[in-house]
Amino acid sequence: MKKHTLLTFCAVLVALGASARPSATHYTQINGKSGVNLWKAVYACTQQGYSDLGYDGLLTAYKKTDVDENGQLIDMYGGCRFAFSNSCGNYKNECDCYNREHSIPKSWWGSSPKTSKQGSDIFHVVPTDGKVNGIRSSLPFGETTNFDYTYNGNKKGTSSFSGYSGTVFEPRDEYKGDFARGYFGTMAKWELKATSSAGSAIFTGDYTANGNFGLTQYGMNLLLKWHRQDPVSDKELRRNDSIEATQGNRNPFIDYPELAEYIWGNKKGQTVSLSTLVCAYEGQQPPVVTPYISSPENGAQMQMSACAGETATLTLNVKGGNLSTNTLLTVSSSDSAIFSISPSFLTPEQVAAGHDVAIIFSPAEEGNSRATITISNDSLNTITLLVSATATTCQTDTTTQPVPEGDYYLLQAEPADWNGIYLIVSEDYGYYLNASIADDASKIASASNKTKVSISNNIIAATPTIDAAAVNIDAGTVLGTYSMRSSTGHYIGISTNSNTLSSSTDKLDISLRMSGGDAVISGTGSLSSRTLRYNNSSGMFRFYTSGQQPVQLYKKTVKQTPSALADTKDSSLSYSDGTLIFRSQVPAHLQIIDIYGRSVFSCTTDRISRPLPAGAYIVLVDGRPHKLVCR
């Protein structure tokens, strides 16, 4: 059989990665299993990490799973190559356009596959030539020597394979094994019935030993033949890996092709031993991969400003891929005391997901300063960014500031800038920490520190009582720490190595991070082992070294409705010669979001000039969205 070769071409599609055998623990549950117990274990393996892409999401996923070295889509029927924008529409001839082919036809399912999760499983919904797909229609797979249509190895005609005498579609030889393993994996994932119409030629819908684990005799003989004659290819391995990176799960019959023999073939009923089971990734040569950072761009220039004696934060998003070591972030300046960066390094996983980094400017006096941000990794050329910062003398308003408008929204990811007004909540028991009593040290340390709360769709509606109970998170006394100030002006936190929640007129330093959807609010230094949690037995919020219930943070946020760019009276936004230009009479929070909903860049500034690739974006200026089309 013809084998596939697919080199990674990161300049065209950076998401392609190396072939990577499954983790050491991914298939441990199949060890020592046979028969129905083996089937149940394989079923469990196919569930691991799965996330529904949705039918529309397949077109985006194909850019990672089914792309050749020239950045074009690979057609699994006709052998054509397509630009990803060339999805059908109308077609007249082969290679006119591509579509999403349910290799297990949707008419066999008995429900709408476009709205069911199994109908958007990318292991069996593959990109194919529109014309050839139309010829196949909902015919079962088979082999034919008496055919009335053929194109590039595909045929439609009367079955010549024992066990079925109707009309069949025979795909080209180089993908027969791919389709067989796609069927095996989809069956294991969904235990689908698919017995309507011609589906009954392939499937029994009975996933027991008596039901031959879902396959008719014809289906089993045909698919095992293709599985054996067309072994797993390099292209198929990379597709398996890319599907794990998009849909989240793997196909066991690609990772361990011999599993098909233990379930349907010549080892049926025998016990699987992982120590002797051959992985398809054995002996694979590492593909050519290129580590990269796509954002920010090398040489980008940024501007920020702050009042002397205060702190300003500029946020940038670092995103890339194919990295194997941590990426280091440093800031250098002739006046190093006024610039810092947080965090100081990112893991490969954080870079792959895109992670916000905060550049912090803390001038003691007015003046102009410059800093260089360096992003370095063992696998990359160093990226340098230039920051110009201006400090001015600002008048200090000593009057109590009014609480800003807005409601409290669940904080679900770690921000680059923690500053803001928050409500500390125990979602498990429906209480919030009432910081309004922080002026009474005995009350804030007792069961009086909790109040019942109503949460709807991850939102807590603001009221004067709730606003008074919130805390203002700001910088601590040591760089990298934070403080929580109540509406009474008292700070809450931890001051002794005990469970006690303390209050003080002086700042009490804390550290902040997110763990899943929970907020980890801990002491610092010798108190760093203690974390703010809720104790339902005693009915209060306190600092614990272990146990008790985690807390969540709800941040006060104004959710504004769209407005035209002209409505932004005090700011201007333009695009010229590949550069986004933003100017504002007062500092504003600027965030750029691409058409996929990904944050490209964010910062708080009154002026910035930033390179921006052509495309369509949503630009948020203090939460107000504006459409920006860059040509």
Side-chain angles (χ1 to χ4, degrees), residues 293-320 325-347 350-351 355-378 380-394 396 414-419 474-483 507 509 511-512 524 579-584 586-592 600-612:
I293 286 181
S294 56
S295 174
E297 297 179 1
N298 186 40
Q301 299 185 26
M302 294 166 286
Q303 296 175 323
M304 57 192 307
S305 60
C307 296
E310 297 184 5
T311 296
T313 301
L314 184 150
T315 305
L316 70 151
N317 187 266
V318 178
K319 184 173 178 59
T325 59
N326 289 343
T327 297
L328 304 181
L329 301 114
T330 59
V331 57
S332 58
S333 171
S334 58
D335 191 353
S336 58
I338 65 174
F339 288 99
S340 61
I341 191 166
S342 179
S344 60
F345 72 90
L346 297 175
T347 66
Q350 288 174 317
V351 173
H355 196 84
D356 283 345
V357 172
I359 302 170
I360 303 164
F361 176 48
S362 304
E365 56 188 28
E366 64 179 14
N368 297 319
S369 303
R370 296 175 65 86
T372 301
I373 307 299
T374 302
I375 303 174
S376 59
N377 186 284
D378 294 341
L380 296 168
N381 293 327
T382 298
I383 294 173
T384 57
L385 315 172
L386 301 178
V387 178
S388 299
T390 301
T392 56
T393 300
C394 305
T396 302
E414 188 165 315
D417 183 1
W418 285 93
N419 291 359
D474 204 343
T477 63
V478 178
L479 186 64
T481 66
Y482 299 89
S483 62
K507 287 187 176 183
D509 289 347
S511 66
L512 291 168
T524 61
T579 300
L580 175 74
I581 302 170
F582 173 73
R583 298 290 184 267
S584 177
V586 295
H589 184 74
L590 182 73
Q591 184 177 15
I592 304 170
V600 176
F601 176 77
S602 65
C603 71
T604 300
T605 182
D606 60 358
R607 60 183 57 232
I608 190 171
S609 298
R610 174 183 170 79
L612 193 64

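Hydrogens, waters and symmetry mates play no part in the numbers below; they use all other heavy atoms, side chains included. Residue numbers run from 1 in the order of the sequence given.
Summarising the geometry, atom CG belonging to L512 is positioned 5.0 Å from atom CH2 belonging to W418; distances are rounded to the nearest 0.5 Å. Atom-to-atom distance recorded for L316:CG and I375:CD1 is 6.0 Å, nearest 0.5 angstrom. Interatomic distance, OG of S332 versus CD1 of I373, reported as 7.5 Å (0.5 Å rounding). Separating the CG atom in D356 from the NZ atom in K319 is a distance of 11.5 Å, to the nearest 0.5 Å.
Shown here are the side-chain contact (heavy atoms from CB on, under 4.5 Å) partners of T330, two or more places apart in sequence or in another chain: T374.
Of all the heavy atoms in I338 and P363, the pair that sits closest is CG2-CA, 4.1 Å. For the residue pair S511 and T524, the shortest heavy atom distance occurs at N-CG2, 3.8 Å. The heavy-atom pair separating A371 from V331 by the smallest distance is CB-CG2, 3.9 Å. For the pair L385 and G299, the tightest heavy-atom approach, listed with the atom from each and the gap, is CD2-N, 4.4 Å. Considering all non-hydrogen atoms of both residues, N298 and T382 come closest at OD1-O, 3.9 Å. Closest approach of S388 to R370, counting heavy atoms only: OG-NH1, 3.2 Å.
Checking N326 against T347 by side-chain atom types alone, no donor-acceptor pair falls below 3.5 Å.
Pairs passing the ring-ring contact (aromatic ring centres under 6.0 Å, His included) check and including a residue from residues 295-314, sequence neighbours excluded, do not occur.
In summary, of the residues considered (V387, L314, V357), a side-chain contact (heavy atoms from CB on, under 4.5 Å) with I341 occurs for V357 alone.
The shortest distance between side-chain heavy atoms of I293 and N377 does not fall below 4.5 Å. Between T327 and S376 the shortest side-chain heavy-atom distance does not fall below 4.5 Å.
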One pair to check against side-chain contact (heavy atoms from CB on, under 4.5 Å): K507 and T481. What are the steps and the verdict?
CA-CA 11 Å; K507 287 187 176 183; T481 66; over 6 Å; no
